[in-house]
Every structure is written in structure tokens, then in C-alpha cells.
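Whatever order the structure lists ligands and atoms in, that order sets their numbers, starting from 1. The structure displayed is predicted, hence computed values, not measured ones.
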Amino acid sequence: ELGPYDHYMQKEIHEQPRATADTLEGVIDAGVVPALFGSDAATVFAEVDSVLILASGTSYYAGLVGRQWLESLAGIPCNVELGHEYRYRDSIPNPRQLVVTISQSGETLDTMEALKRAKALGHAHTLSICNVQESALPRASRLVFYTRAGAEIGVASTKAFTTQLCALFILALTLAKQRGRLAADAEAGHLEALRQLPGSVQHALNLEPQIKVWAEQFADKDHALFLGRGLHYPIALEGALKLKEISYIHAEAYPAGELKHGPLALVDDKMPVVVIAPNDSLLEKVKSNMQEVRARGGQLYVFADLDSHFSATDAVHVIRTPRHAGLLSPIIHAIPVQLLAYHAALRKGTDVDKPRNLAKSVTVE
Ligand code: F6R
């Protein structure tokens, strides 16, 4: 079943060109239409004035990227909350809010209980973005979008994450169109970018030999810091989560602008700092944050794209992802941080597919 691979996680990382292509098939064939989310999606979408995303772990990080797309493309206000926090606090329900749960398994208790709580508070507009057909979350939701990642067996989520991002991008385009914010030429441009996405994912996978070299340098570290800004801050979070989950290296992620508000105190010449730095509108800001790290001797490991300009010197290791992918760039940058964690774990000899203390599907509180 593993074919040429040593672990499910490795296989699942490498399945991402196919998984993203399958998940995008509907929108590429039919264009941006509400029916992608279920037969009464047009009615529901016409009634909503905001979005609340509920999820846990990696799926929550997908939600953090989704919020930025929903607000910038569709102009719709969006909040993202961890299910286990939402369910126990007093929130202000808005019956016109679309409650979106995101889950690979569809069985995560924290997310399920959050959905029940939302419904008890009067929320009727519910959408499940889920990878497992007919699981609890889609059954409890009015609208459903199935990611088509295929079975994910490795405990650390990989292809589920990138396909969730595809689903959220399609949702943002759909709400944008419904709200009169997606001109025909813009729609065509986004669809073309989506068509090219699986190929760009493959290019990112081809960086594996270079990433392996970095991973060997990480394996004897006790700590690592991940930095990103804007759309790439959630990718820094995801990189840190993957590294700690499977290699047991303590890793933390910060939005790079937060450095001087505290975490900079951790930086010395033993601290590897991974920076997600593609050529987006925040690149210059990220570069000045990188200077702050270098000035303290921190070792910079930078994922840049072909359009961001850096000079590689001893303290700045740079790996270049493909040409800048615009709004889809976080999907591309998820790949190298997954590979970095995978190879660091291999090097450390941990049980990559079944990390200690963790379960694939968290059905208890
Ligand atoms: C991390 C990971 C977890 C899950 C989380 C939610 O690699 O796999 O953080 O993302 O437990 O699981 P789902 O998406 O099944 O609700």
C-alpha cells in the first residue's frame, strides 16, 4: 500500500498534486457556482452576512488562511475560533452568520461540540468542509464540501490541510461572486491560477533534496522558531506544529512583526529560525524582521519564491519555491514545512506515522 514510500506521511505529502487537483476538479469544470457546496447553497449564501470558522489543530490553521481570503476577496467579515474555546464561552450569536467547520476526520469531538453549541445558540447556516464522507460533521451540517484528499493515515495532517485550503479558496470565490465582487475576468484569472496549482505543488515537492539537507541540521536542535506574516503566518504555525508533533523538537511560530515584543529574547546563535518569505506585499517588512534575527546571531532558514530577492550568506540559508503564486502562495509554502518536519523526524528516528501521545482522530475531550 505504501508503494515506493517508507511512511504514510511521506506518501501523503507526495500525493498533494493529485489531492489538490481532485479537490479543485469541480470548480475547474463548473466554474464558481454555489452548487459546489450543496443544492441549497445559493439560498443559504444569499442570507449570510459574515462567517465563523470553527476547527482544531491544523484544520484551525487552514481557517486562519481562509479568513484572509474571505475578507479580501469576498469582503465578508470572518472570525476563526478553536472549537474547544468557542463552546465554553459566551459569544454573540448572529443568525445570518455562516458557521463553517473544517475537519479532516469529521469526527473531532471539540469541533462537533462547537457546532452543536452554535446550533443551540440559533445558528442555522452551517457548512462542513470535511475529508471523510458521511462522517459526523457533514451529517450535522446543512451544506457540505468534501475535500478529495483520499484517506489520510499518518497522524500528522498534510494533504488534508492543502485540500482544505483549496476548499476555502473556492468558498471565498463563491461568496465574492454572490456578493458582486468577482468580475468575469477576475474569475477566469483565479480559475487559471487554480489550474496551475497542482503543477506548482509538484515543483515545491521537487525541493525535497535541499530540504533534507536543512533537516539534518535541525535534528540536533532543541528549539526552532517559525516566522511568517499575513497569509504566511498560519503556514509558520503549521510548520511549527508539524515539527513538534513528529520530531519532538520544541517549535514556536510568531507573526514576524511580533518578534521585538518578546520572542527576540530567545534568539541566539543556537536558534534556527525558519522564515516563510515569498514575494508578497509584506516581504520588505519580513526582511527587516530577518535583520533583527541576524543581528542576534540567529540562523535563518528562508523559504522564498523565485521573485523574492535575497543573497545567500553563511547565516542565511535560502530555498526557493516556484514563482510567486499570489493568493495561493500559502498552499505552495505548506509543502516545504511538511518536508522539513518529515526529514527532521526521520533523522531523529521517531515514529513518523504514529507520534507518541497522539491519536489520528480526537474523539474525546
Ligand atoms: C496535526 C493534526 C491535528 C488535527 C486536529 C483536527 O497534524 O493532525 O492538529 O488537525 O486534531 O483534526 P480534524 O481535522 O480531523 O478535525
Side-chain angles (χ1 to χ4, degrees), residues 7-13 15-16 19 23 53-66 80-87 99-118 126-141 144-168 226 234-249 251-253 334-335 337-342 344-345 350-365:
H7 298 96
Y8 283 106
M9 183 181 181
Q10 182 190 25
K11 174 172 180 270
E12 288 159 9
I13 288 173
E15 281 172 348
Q16 290 175 106
T23 301
I53 296 176
L54 299 171
S56 314
T58 287
S59 298
Y60 168 74
Y61 298 153
L64 293 180
V65 176
V80 193
E81 231 177 302
L82 291 162
H84 41 89
E85 285 290 310
Y86 171 81
R87 67 177 285 210
V99 176
V100 180
T101 55
I102 307 174
S103 176
Q104 189 286 126
S105 61
E107 304 286 347
T108 301
L109 183 117
D110 290 326
T111 308
M112 187 65 206
E113 290 300 322
L115 176 61
K116 284 188 192 160
R117 163 94 170 148
T126 55
L127 163 66
S128 157
I129 293 175
C130 188
N131 195 45
V132 177
Q133 301 268 331
E134 293 304 316
S135 53
L137 282 160
R139 274 192 276 112
S141 305
V144 181
F145 185 100
Y146 284 114
T147 49
R148 288 172 56 192
E152 193 182 65
I153 292 164
V155 163
S157 187
T158 53
K159 60 180 180 170
F161 178 66
T162 44
T163 57
Q164 286 165 350
L165 291 176
C166 291
L168 287 160
F226 284 71
I235 303 307
L237 286 165
E238 174 62 2
L241 179 63
K242 288 291 94 103
L243 191 69
K244 68 186 127 192
E245 264 186 304
I246 61 165
S247 77
Y248 316 147
I249 296 170
E252 294 213 49
I335 312 297
V337 299
Q338 295 168 350
L339 288 168
L340 182 63
Y342 173 72
T350 56
D351 188 346
V352 172
D353 284 334
K354 286 198 176 63
R356 67 188 183 197
N357 311 339
L358 298 175
K360 179 65 185 159
S361 182
V362 186
T363 52
V364 293
E365 187 172 9

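The pair Lys244-Glu252 does not count as a salt bridge, with every side-chain nitrogen at least 4.0 angstrom from each carboxylate oxygen. Ion pairing between a basic and an acidic side chain is recognised when a charged N comes within 4.0 Å of a carboxylate O; Lys242 and Glu238 show such pairing.
In this structure, the side chain of Lys159 engages the main chain of Ala151 through a donor-acceptor pair within 3.5 Å. Here the side chain of Glu107 pairs no donor or acceptor atom with the backbone of Ser135 at under 3.5 angstrom. Within the 3.5 Å criterion, the main-chain N or O of Ala160 finds no donor-acceptor partner in the side chain of Asn131.
The residues lining ligand 1, counting any heavy atom closer than 4.0 Å, are Ser56, Gly57, Thr58, Ser59, Ser103, Gln104, Ser105, Thr108, Val155, Ala156, Ser157, Leu241, Lys242, Glu245.
No more than 12 heavy-atom neighbours from other residues, nucleotides or ligands sit within 6.0 angstrom of NZ on Lys354.
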